Amino acid sequence: MKFLVFLGTVRDSTPPKPARLGVRVVESILACLQSRYEEHEIELIDALDYPLEAVFKPHFAYPKSKAPSELNHLAEKIENADGFVMVSPEYNHSMSPALANLLNHFGSSLFSYKPSAIVTYSAGQWGGMRAAVAMRAFLSELGCLPVSAMIHVPKAQEVFEANGNPQAGEDQDAWFDYFGRTLNQLVWWAQAAREQRAQVDPHELVRDFRTHPSERNAP
Ligand SMILES: Cc1cc2nc3c(=O)[nH]c(=O)nc-3n(C[C@H](O)[C@H](O)[C@H](O)COP(=O)(O)O)c2cc1C
C-alpha cells in the first residue's frame, strides 16, 4: 500500500527555538515506518515544498490545467494513496495553518474512504493534544477518517535529535512501540478500506461534492 506522510511546519523564524521542530518528529515517524512497515510505500509530503499562496485558490476551484503543477501532482498522489499520516505542530491550540492550507486545496473526493493518523508535537508538555482533537473534525470532513489512537510528542526538542534519532537516554524501541499503536490501526484500516473499495466503488455509491452543494443530495 501507499502512504503519504504530511508535514505541516513551515516556520523559519525564531524564537521560539528551534524552528521546524517537526522535522525531527517526522524523521522519527519515517524511520519507524521504514523499519516496521517496509512492505509499504511511504512518501513524505512537506508543506514547505508547495506554493501556498496568500490568496487562497483551492485546486478544485479551477480547471486542473490552471492549477500549479505541484498541486496537480500532489492531487494524483493523494488519489493513489491508501492512507495518510498528518504531522502537525500546535499553534494557539490549533493545527498548523500551513497544513490546513495545503489540505484545503483538495476536495474530499481525493481523501475519502481512506484512513488517516494524527501526529502532533510541541515544545511544551502537552504534545499538541488540543490541536490533535481539532484535527479529528477537520480530517473527518475531508473523508480520511482518523484512527482512534493518536501520537503526541511533548518537548520534542528533548526527545529527538534534529535528524530524528533519539536523544541520549531516550528509548527508540519504546517510542516506535508507541507509534506502532497508531500506525498499526492505520495500516489495518487502510487494508480493509482498500479491499472494500475494490468490491464496491464508494464514489458510485455516494456522489462526490465537486462543484455544487446539490451534489450532497441535500433537500
Ligand atoms: C505562533 C505560535 C503558537 C504556539 N502555540 C502553542 C500552543 O498552543 N501549544 C503549544 O504546546 N505550543 C505552542 N507553541 C510552541 C510550539 O510548540 C513550538 O514553537 C514548536 O517548535 C512548533 O513547531 P515548529 O517548530 O515545527 O513550528 C507555539 C509556537 C508558535 C510560534
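In each ligand, atom 1 is the first atom listed, and ligand 1 is the first ligand listed. This is a predicted model, so every value here is computed, not measured.
- Taking the six-membered ring for Trp and the full ring otherwise, the centers of Phe111 and Phe84 sit less than 6.0 Å from each other.
- Of all the atoms in ligand 1, the ones that sit under 4.0 Å from a non-hydrogen atom of Pro89 are 22 (C), 23 (O).
- Between Gly22 and ligand 1, at least one N/O pair is under 3.5 Å apart.
- Among protein heavy atoms, atom 5 (N) of ligand 1 sits closest to Asn92 N, 2.8 Å.
- In this structure, Ser122 OG and Lys155 NZ are separated by 9.5 Å, a value rounded to the nearest 0.5 Å.
- For an aromatic pair to be called close, the ring centres must be under 6.0 Å apart, and Tyr50 with His105 fails this.
- Residue-level proximity to ligand 1 for Pro18 is carried by the backbone, the only part with a heavy atom below 4.0 angstrom.
- The nearest protein atom to atom 8 (O) of ligand 1, hydrogens excluded, is given as His93 N, 2.8 Å; this is a heavy-atom distance.
- Residue Tyr121 has at least one heavy-atom neighbour below 4.0 Å for each of these atoms of ligand 1: 23 (O), 24 (P), 26 (O).
- Looking at Ala123 against ligand 1, both its backbone and its side chain come within 4.0 Å, counting heavy atoms.
- Side-chain atoms of Gln185 come within 3.5 Å of backbone N or O of Ser148 as a donor-acceptor pair.
- Close contacts between ligand 1 and Arg130 involve ligand atoms 9 (N), 11 (O) [criterion: under 4.0 Å to a heavy atom].
- Taking CG from Leu33 and CD from Glu41, the interatomic distance works out to 12.5 Å, rounded to the nearest 0.5 Å.
- In terms of protein heavy-atom proximity, atom 19 (O) of ligand 1 is nearest to Pro16 CG, 3.2 Å.
- Ligand-side atoms of ligand 1 in range of Ala19: 25 (O), range being under 4.0 angstrom from any heavy atom.
- Less than 4.0 angstrom separates some heavy atom of Thr9 from each of these atoms of ligand 1: 24 (P), 26 (O), 27 (O).
- Between the side chains of Ser108 and Glu141, no donor N or O sits under 3.5 Å from an acceptor N or O.
- Contacts with ligand 1 closer than 4.0 Å are made by no heavy atom of Gln157, backbone or side chain.
- Neither the backbone nor the side chain of Ala156 has a heavy atom within less than 4.0 Å of ligand 1.
- Regarding atom 31 (C) of ligand 1, its nearest protein heavy-atom neighbour is Arg11 CD, 3.8 Å.
- By the criterion of a heavy-atom distance under 4.0 Å, both the backbone and the side chain of Ser122 are placed next to ligand 1.
- When atom types are taken as modelled, the side chain of Gln167 and the backbone of Gln157 share a donor-acceptor pair closer than 3.5 angstrom.
- Looking at atom 30 (C) of ligand 1, its nearest protein heavy atom turns out to be Tyr91 CD2, 3.7 Å.
- Using modelled atom types and a 3.5 Å distance limit, the side chains of Glu170 and Trp175 yield a donor-acceptor pair.
- Side chains of Glu195 and Gln191: a donor-acceptor N/O pair is present below 3.5 angstrom, by distance only.
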**OP:** Show your working on salt bridge (Lys or Arg N to Asp or Glu O under 4.0 Å) between Lys2 and Asp82 and close with a plain yes or no.
**Re:** CA-CA 5 Å; Lys2 289 183 186 166; Asp82 294 292; over 6 Å; no
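- The nearest protein atom to atom 14 (N) of ligand 1, hydrogens excluded, is given as Glu90 O, 3.6 Å; this is a heavy-atom distance.
- For Arg20, every heavy-atom contact with ligand 1 shorter than 4.0 Å involves the backbone, none the side chain.
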Salt bridge (Lys or Arg N to Asp or Glu O under 4.0 Å) assessment of Lys77 paired with Glu43
CA-CA 9 Å; Lys77 289 178 185 187; Glu43 182 174 348; 2.5 Å; yes
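- Looking at Leu21 next to ligand 1, an N or O pair under 3.5 Å apart turns up.
- Note: Ser96 OG to Met86 CE = 11.5 Å, rounded to the nearest 0.5 Å.
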